[in-house]
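Scroll down for the structure; my scribbles are underneath it.
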There are 4 protein chains.
Amino acid sequence: MTEHKSASFLDRTLKNLRRGWQAIAGSSYGEEAASTRPDLPEDDAHQLLVQMRDCLENKGGDVSSRVRAAALGRVYLNLDSVGREKFLRLMAENFGVDDSAVEQAIGDFRRAADSDQRLGAQVALKGALQAPWRKLLTQFNALPEGVKFLVDLRAELMPLARKDAAFKAMDSDLKDILASWFDVDFLELRQIAWDSASAALLEKLIAYEAVHAIDGWEDLKNRLDSDRRCFGFFHPRMPDEPLIFVEVALVNGISGDVQVLLDTSAPSVDPLSADTAIFYSISNAQRGLAGISFGNFLIKRVVEELSAEFPNLKTFSTLSPIPGFRKWLDATVADGEPNLFTAEERRALNAACGRKGGAKGSLVSVLAMPDWHTNAAICEALKGPLTRLAARYLAQEKRAGDRARDPVAHFHLSNGARLERLNWLGDRSEKGMAQAAGLMVNYLYDLGRIEANHEAYTSAGAVDLSSGVKSLLKT
Amino acid sequence: MTEHKSASFLDRTLKNLRRGWQAIAGSSYGEEAASTRPDLPEDDAHQLLVQMRDCLENKGGDVSSRVRAAALGRVYLNLDSVGREKFLRLMAENFGVDDSAVEQAIGDFRRAADSDQRLGAQVALKGALQAPWRKLLTQFNALPEGVKFLVDLRAELMPLARKDAAFKAMDSDLKDILASWFDVDFLELRQIAWDSASAALLEKLIAYEAVHAIDGWEDLKNRLDSDRRCFGFFHPRMPDEPLIFVEVALVNGISGDVQVLLDTSAPSVDPLSADTAIFYSISNAQRGLAGISFGNFLIKRVVEELSAEFPNLKTFSTLSPIPGFRKWLDATVADGEPNLFTAEERRALNAACGRKGGAKGSLVSVLAMPDWHTNAAICEALKGPLTRLAARYLAQEKRAGDRARDPVAHFHLSNGARLERLNWLGDRSEKGMAQAAGLMVNYLYDLGRIEANHEAYTSAGAVDLSSGVKSLLKT
Amino acid sequence: MTEHKSASFLDRTLKNLRRGWQAIAGSSYGEEAASTRPDLPEDDAHQLLVQMRDCLENKGGDVSSRVRAAALGRVYLNLDSVGREKFLRLMAENFGVDDSAVEQAIGDFRRAADSDQRLGAQVALKGALQAPWRKLLTQFNALPEGVKFLVDLRAELMPLARKDAAFKAMDSDLKDILASWFDVDFLELRQIAWDSASAALLEKLIAYEAVHAIDGWEDLKNRLDSDRRCFGFFHPRMPDEPLIFVEVALVNGISGDVQVLLDTSAPSVDPLSADTAIFYSISNAQRGLAGISFGNFLIKRVVEELSAEFPNLKTFSTLSPIPGFRKWLDATVADGEPNLFTAEERRALNAACGRKGGAKGSLVSVLAMPDWHTNAAICEALKGPLTRLAARYLAQEKRAGDRARDPVAHFHLSNGARLERLNWLGDRSEKGMAQAAGLMVNYLYDLGRIEANHEAYTSAGAVDLSSGVKSLLKT
Amino acid sequence: MTEHKSASFLDRTLKNLRRGWQAIAGSSYGEEAASTRPDLPEDDAHQLLVQMRDCLENKGGDVSSRVRAAALGRVYLNLDSVGREKFLRLMAENFGVDDSAVEQAIGDFRRAADSDQRLGAQVALKGALQAPWRKLLTQFNALPEGVKFLVDLRAELMPLARKDAAFKAMDSDLKDILASWFDVDFLELRQIAWDSASAALLEKLIAYEAVHAIDGWEDLKNRLDSDRRCFGFFHPRMPDEPLIFVEVALVNGISGDVQVLLDTSAPSVDPLSADTAIFYSISNAQRGLAGISFGNFLIKRVVEELSAEFPNLKTFSTLSPIPGFRKWLDATVADGEPNLFTAEERRALNAACGRKGGAKGSLVSVLAMPDWHTNAAICEALKGPLTRLAARYLAQEKRAGDRARDPVAHFHLSNGARLERLNWLGDRSEKGMAQAAGLMVNYLYDLGRIEANHEAYTSAGAVDLSSGVKSLLKT
C-alpha cells in the first residue's frame, strides 16, 4: 500500500467490485470516495468523522453498517499519505478506550461482593477496555478484498505507531484481529508451480523474494523446475497473495553452494532418486503480518508433503545465509585476538597479501578488499579462521534471553533444528560477501530431535551441534 | 454433539483424518484418546491436566503445541457426558483469569504517570484479563474439523454455563472467538440445489429445518423445485454444514397459506414470470453459534441474488409464523374484554357453538376445541376477532426495550421490514394451530424503507404498518 | 426419451439453455419449435425438410449451420412419438447414401491405373458411402445437452431399426459416431458418494439400477456406506449422467448371500481391514449406448482404485445373478435325466414333498411351488442337484461361437474371470427365485490370470474353473 | 513434436504417468520403450510389428489391448526421426485396406438382389474400406496425454504424406478421427488471463503466436491488460494446450495501427467505456489439426462473450495483415500500368525520389529501398497508389473457386465479414513492410449481415465493401 502499489490495488478494488453488501445499499454511501480530497482537509475530515460515528452506532442496521465501513475503506484508498495519516489519527483520537469508563469498571470490580459479581465485573472491565475502533477495523472486512486491505493498513500503521504513541494501541488491536483471522489452521498450504500458478501470483514471488533475489522469469522457472518445489501458506480470503513461501531443491547430499543451486544451466536431478531436500529460501510476504509467525509451521508441513511425494528423501536441511556475521565480526573481533589464526594460516595470509602488496595480516582489512574471494591464495588462507569464527558466532554469540545473536540462527534453532555445517564461499553474490564473507550454513531438521532441541534451546539457549561444528569450536 | 451425533462426528473425525499437524508429531500424542476412560476418573483427569499445561506452555514448540491440542480434542470426543463436563471443569478451574495478576495490573494502571505509561498499563491490564483457556480453545482448531468441534463444544458448554457460573466466562470467551472467526464477510452464500448439493448436505436440511418440518426426500425435492430457491451461509472450514438457511418460493402475489406452498402435488410456477419472492422458512442450524446473528445479512444477500437472477421480481416478503400469539392470548386476553367481538361476530360465534353444544362465547374455550378450524361457521365467526388480536399482538405488544413481544416479529422489524398482512388459517398444521390459532403474517422487505424502518423501530419501537394492518388496529 | 422422460429432458433443455451458438444467430431459427405441430403433418414435414437441406448445405456458414441443427433438435424434442418417427424417416429417406454416386465411385476405383490413382479412388469411394445424415446427426451436438440428445435419439431409433430396414443404416452410423465420442479414454471414472454426489445424480442410480432394485433413499444410503463403494464412468459432456456404474461391498471372505449385503440394519465393516471386494451390481445406464461396452474397463479400473485406497484387499470377486438358469432348466432338463439326483437326494426329495402331498420327484414341479425355499427339507433335498445343474449350465452350456449361454457368465468369462463358487439360496428375492431358483455365483478376478483366461475363453470357449466348481461337475 | 518439443513432451509423459490402464497390466508391456533402439533397426521393427498385430487382434482382451497401444505409443516417443518414419511406415504398409476384401465386397454389393441386401452389402463395403490402422491410431488415446500425442503424430505424418503416397490414406484417416474428437461443440472457450492462466500456458501463447510475435513476458502482460482480452478454444483432454486463440483490444473507434495497440507504455483504456473490439491476432496453435477449422466459431463466440461483458461495445472488427500483397504486387503489377498513379502522385514520387537520387517512378524499386517508410515525402507519394492497389488486391483478385487470393481475406470474407478499411502504414515492423508495404486492413463483423455476406461470397465470390473501399476501387 505504498503510493504505487495502492494505486493498482485500488484499481483492482474499484474495478472488480464483487457482489457484496455494497450493492445492497442505495448508492449514497459510495459518494464520499469521489468527493473526499486526497489530503483530507478539515471539512472532509469532519464529514468523515460523522460517517465513522454512524457506522459505530449501527445506524440503519447491521447491513448498512457494513456498507458504510466499506465506503470508509474506499475513502482511505483514495487518500494520499498525508490524508491517510489524518484518517488513522481521526480513528485513534476519537474511538479509543474511554478512560473514565475503565475507572468506573475498576471500581465495580473492586467492590464486587462475591465470586459471581466478580465474574460479571471482570467481563464488564474487559468490555470497557475494548476500543470502539476495533469494530471499525473489523468491518473494513466488508470491502471486496477486505482482509488484504487490513493487512496493508497495518503495514502503514506500524511505522506510525513506532514514531507516535497515539497509534500504538490501535496497532496492537489490529494485530490481535489479524492474529485471530490468520490462525495457522485457517491457512492453506499450496504448492506454487509453473504448471498451475497464475502469472499474477508468480510475479509476486519475484517481488517478495527476500533472500536470493529472483532475476526475471527464466530464473523463476528454474526455481520451479521438476527437481524444485515451492510452497506457500495462503488465506482463503487472499487466495492470490502468499503469506510466506519457501523454495526447496531436491538433491543428493546436503548442498553447500547456493550459486550451484540457482544455476539455470545446470541439469535437473531426478527428484524421485534425490535423498535430500534443501530449503534454500524462506520469505515473509506481508509486512502487515509482522509479529504473527508461520515459518515454523511452514517448514514442518512442507517436510511432511515432500516425504509423502518422495519416499526416498532422508535428509531435510536448510542452506541459509548468516546475515549478521560480518557486522558482528567487524564490531567485535579484534584483529589482535590471539587464536584467530594458526601459525600456518597467518603465514599463508601474509604470503597471499604480500603478493598483493601491503595489508599484512589484518583480517578486517583483507575482507575490505574488493573481490578478494577471486584470489585463491587469500581464500585458502581465510577459510579456516573465518569458518571457525562463523561457528563461534552462530553457536555461542547471544543476545538477551539466551537467543542466538543471528536472527536466522535464532529462527531455526528455536524451531528445533541442529547447527549442521558451515559452507565456505557458499554465497559469492555481492550480498553474500557483504553480509557473511560468502559463508553459508546448513540447519538440519531431524524430526526425531526437534522437540528436545527446541526445549533445550528455549529453556537454556543450548544449541544442538553436529560433530563437525563441534570440531570447529574446539580449535 | 449429543451422544448420538458426537458418535458419528467422531467417526468421521477419526476416519477422515486429513493430513495435518497430527502426522508431523510422532504417535505419542494420539495415545490418550485410547487410554482415557469415558467418565474421566481422577487419575485420567490428572494426566489430562498435565497435558493441558504442556500445551499452554508451548512445550516442544508451536507445532507440538497444536498437535497436543488436537490430541486433547480427541480425548474430549471420546468422553461421555459426565467425562465431558469434568473436562470442561478442569479447564474452567485451572486456566481462568488470575485475579491477583489483575489486581497488580489495576495498580499499575492507576499509578501510571503519563499518557504513555497509561497506554502501556492499559494493554497490560487487558492482557491480565485474558484467561489461558482462550489459547487452549483456539488451538482445538488444529483438529481436522476443528471449527465444527468448537461450535459443537459451545453447544455443550452453554447449558452448563446456564446452571453453573464457573463456565460462564469460558462460554463468553468461546463466543468471542467464534464471533471473530464467523465474521459475516468470511461466510459464503451458497445456493443449495437438488442438482448440485450432496445428499449428505441435504440430509442436514431435513434435520435442521426448524419452522415447517421437512417430511422426507419428496418434500425436500419439492422445496428445491424450479420455482423454489434455498440459500445458506457456510464457513470455508465447515463446507458441509449450513450455518443458517432460508427457503424461498417464487410466486405471483404475496402468499398467505403455507400448506399451498408446501403442497408437493401443486404445479410449478414459471420462475421467470414470478413477481414475488416469499421467504417462508429461516432456520439457524448451529446451536453453538447462538448469539452470533446472520439472519439479517442472509435475507438481504438473498434478495440481491434473486433480483439478479429474476429481474421480474418486484416484492420480497416473508410468510412467517407468530409463535407467541396463543400463549399471549391465553395469558392476557380476558374473554370479557369489551371490544373483542362486534355484536354480529358474537352472535355468529354463539350460533356456531350452540350447534356444537355449549361453550358459548368464550374465545379461549372455543380455541381449546379439537379441530375447530374444520368447522366453517366457527371459522367465520373467529376470523375477525382473532385477526385483529394478532395485529394488536404483533404491532403493539412489547417487552423490555421497546422490543416486539413476538420474537419473530422482533427479528424482522429490527431488520427494517414492514408488518404487511395477517393471514387467516395460513398454517393449519398442528403446530400452527397450537402456536397461533392458524394465523400467519407477512413481513415485507421494501429496500427503500429498510433503513428508516430500522431506525424508527430501534430508537422508539415504532412499527411500519401497511394500511391493511392499520385498519385492523382501528376497529 | 420416452414421452415422460423426454418431457422433463425437454424442460431442462429449454430452461437451461446455456450460452452457445443459439444466442449468436438471430431469433429466426428458434421459431419452428413453437410452430411445428407434435404429430408433424405433411406441411410441417415439408418445411422441416427445407430446414434440413439448408443445414446440410451450410447455408449462412458453419456457425449458422450449427444453429440450424440445434433448432432442428428442438423441433424433434417437441414432437410426439408419431411425429418423431416421421422426423427420423424424413432423414432416413432423404439423406442416405446416393447409390448412383457409389456406382460411379466403384467404376473409378476399378479403372484406377496405378496405386496412386487407386488410393485416391479408395478415398473417393469411402466418401460416396458416407450418408449426409451423418453430418446432421453430428451437428445435433450443438444443442446444449447435445450428447445426451444423441444418446437418447439412438434409444428411440433402435426399436425402429429393428422393425424397419429404412432406419438400420442410420442407426449404424449413429452408433459409429457415439462409439468414437465415447472412446473409453475420454471417460472419467468417478466415485459416487453420499457426501459428494448431488441428489439429482443419486436419483438416477435409483432409476437405472438393473440388478437389485434400490428401494428408496435409505437403501441407497446403505449402499454408499463407509464399507461400500460405487463407481461410474461419465462423459465430460454428460457430467450428471452415469454411463455404467458398479456397486461394491468391502467384506471379509467372499460373500454368497446378497440379502445379507443389502441388509440396511447390518453393522458396517471397517473397510481398512476388509480383505475382499465384492462387485454385486453392474448396471448400464444408457440404452442409447447399446453395443458400446464399458463394463470390462470399469471393473478393472475399479479394482485398481480400490487397491490403491485399501492395501489390505486381496480378493476381487463378483456376486452375480444367473439370469438364464431357470429358463434353461425348464426348457432342456428332462426330469427323467438319469444323473440329476443321487439316490439319497431322490429319497430326501420324495420325503420332503410327500409330507407336502403329491408332486413326487419332479424337479420342475417342485420349483413351481410357491415359496418352496422356506421349506427346509425341500431346500436340503434340492441343494445338491440344483447347484450341480447350475455349475453345468454356467461352465458347459454354450451358444454360437463358443459363448457361454448365460449372458452374465459370458460377460465375466470373456473379461478373464474365473468361475469360482455357486451360492445356494444366495438371492431369495422374487426375481432371484424366478430367474435362478435362488442361486448366485461368484466370478473371481485374479489379475495374474485374466489375460490367459480371456485368450482361452475367446479362442476355444475354455472356462477357468475353481476346484470347487470342478468337483460339482464331476459328480 | 519436433526433436526439441518432443523431448520435453516425452519427459512430461513419462514423468506424469497418471493412473490409467498402464497400471492395470503387469509391467511387461512397458519394457519395449527401454529396449527399442532410437533408429528402429530391423530386429526391433520386427518385434514392433508383432506387438502391433497383438494389439489389433485384441490379445488378452480390451483392456490389454489398450495397454499395449499405450506401450507402442511410448516406443514411438523414444524414437528419433528416422525411427519414427520407420514406425509409421510399418503401420502404413501392414495395416492398410485389404484390396481383395474390397473387391469381394464390391462384388457382393453389385450382386445384391433387393434393397435390404443392398443395404447390408453397403455396410459391408464400408467396413472393408476401413483400414486396421484406424484402430491402432484410436487406441493411442490410452496414453496419458493421448489426444495431444495423436495431434502431434499427425503434425509429423503430414510432411511424410506430402512426399510419399504410402502415408496419405493414413493421414486422411487420422484427420477423420481428430475431426470427430475435435467437434467444435466439445471445445471449451476459455479466457486466458494474467490473473488465472498458468505460466506454462502463457509460455505457449508466446511460442504459438503467429501474427505479431510476442516479445517476452512484459509484452505478453500488456496483451492481457485490463483493456485487452485473449480467448482460446481448448479440448477437455488437452486442458493446457490452446487449439486456437485470439487477441482482442478494447478501444474507441476502429484501430488502424498495430504498433499503437502493442505499445507497452500506452495508458489503458477504461474497457467499460470502449465502443469497439479489435481482433488483432488469431493464431492456430496445433499444426496437427490442419484442415479442421475453428476460427469462424471462435470469432463469433468471442463476439458474444464480449457483448455480454461490455454492453457498450458497438463495433467488432479485425485489424489484419495482408500477407500476400507485396508478393502479388511484385509479380503482377507492371510499373507501366496506366492508372497506378494520378499525375500529382507521380510528380510527388519523382520529387521525393529525385531528392534521394535516381529510381524515378518505379514503384517496385522504391519499395525495395530500405526504410523508405521513414521518408515522409515518399510515404506521402505512395499512400494513394498503394492503398488503392491493396483494395483492388483484396476485393478483386481471386484464385480458383472465386476465392480471394489473399488467404486472410478469404478467411474473413467467407466468415461473412465486410472489407471495411485500408490502413496506411498500419504495421511498420520488418514483417509488415515485407509482406504488405506496411498496409493493414479491417474486416468488420456486423452480425446482421454475416449470413447474407457469407452466402454472396461463397456462391459468387461477391465481397461486401464499405463505401470507403468502394471509393478506392473507383479511382
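Computed from a predicted structure; not experimentally measured.
At a 4.5 Å heavy-atom cutoff, A:T458 makes no contact with chain B through either its backbone or its side chain. If you measure heavy-atom distances from B:N415 to chain A, you find no contacts under 4.5 Å at all. Only the side chain of A:E455 has a heavy atom closer than 4.5 Å to any heavy atom of chain B. Contacts between A:N453 and chain B at a heavy-atom distance below 4.5 Å are absent for every atom of the residue. With a threshold of 4.5 angstrom between heavy atoms, B:D116 approaches chain A through side-chain atoms but not through N, CA, C or O. Of the atoms belonging to A:L129, heavy atoms from both backbone and side chain fall under 4.5 Å from chain B. For chain B, the nearby part of A:V102 is the side chain; its heavy atoms alone come within less than 4.5 Å. Residue A:F109 touches chain B through its side chain alone, counting heavy-atom pairs closer than 4.5 Å.
Here A:E103 pairs with B:R110 in a salt bridge; the nearest charged N to carboxylate O distance falls below 4.0 Å. Under the 4.0 Å criterion applied to side-chain N and carboxylate O atoms, B:D164 and B:R89 are assigned as salt-bridge partners. A salt bridge between B:D183 and A:R66 is present, with a side-chain N of the basic residue lying under 4.0 Å from a carboxylate O of the acidic one.
With chain A as the partner, the residue from B:K168, B:R118, B:Q139 showing the most heavy-atom pairs under 4.5 Å is B:R118.
For an aromatic pair to be called close, the ring centres must be under 6.0 Å apart, and A:F186 with A:H235 fails this.
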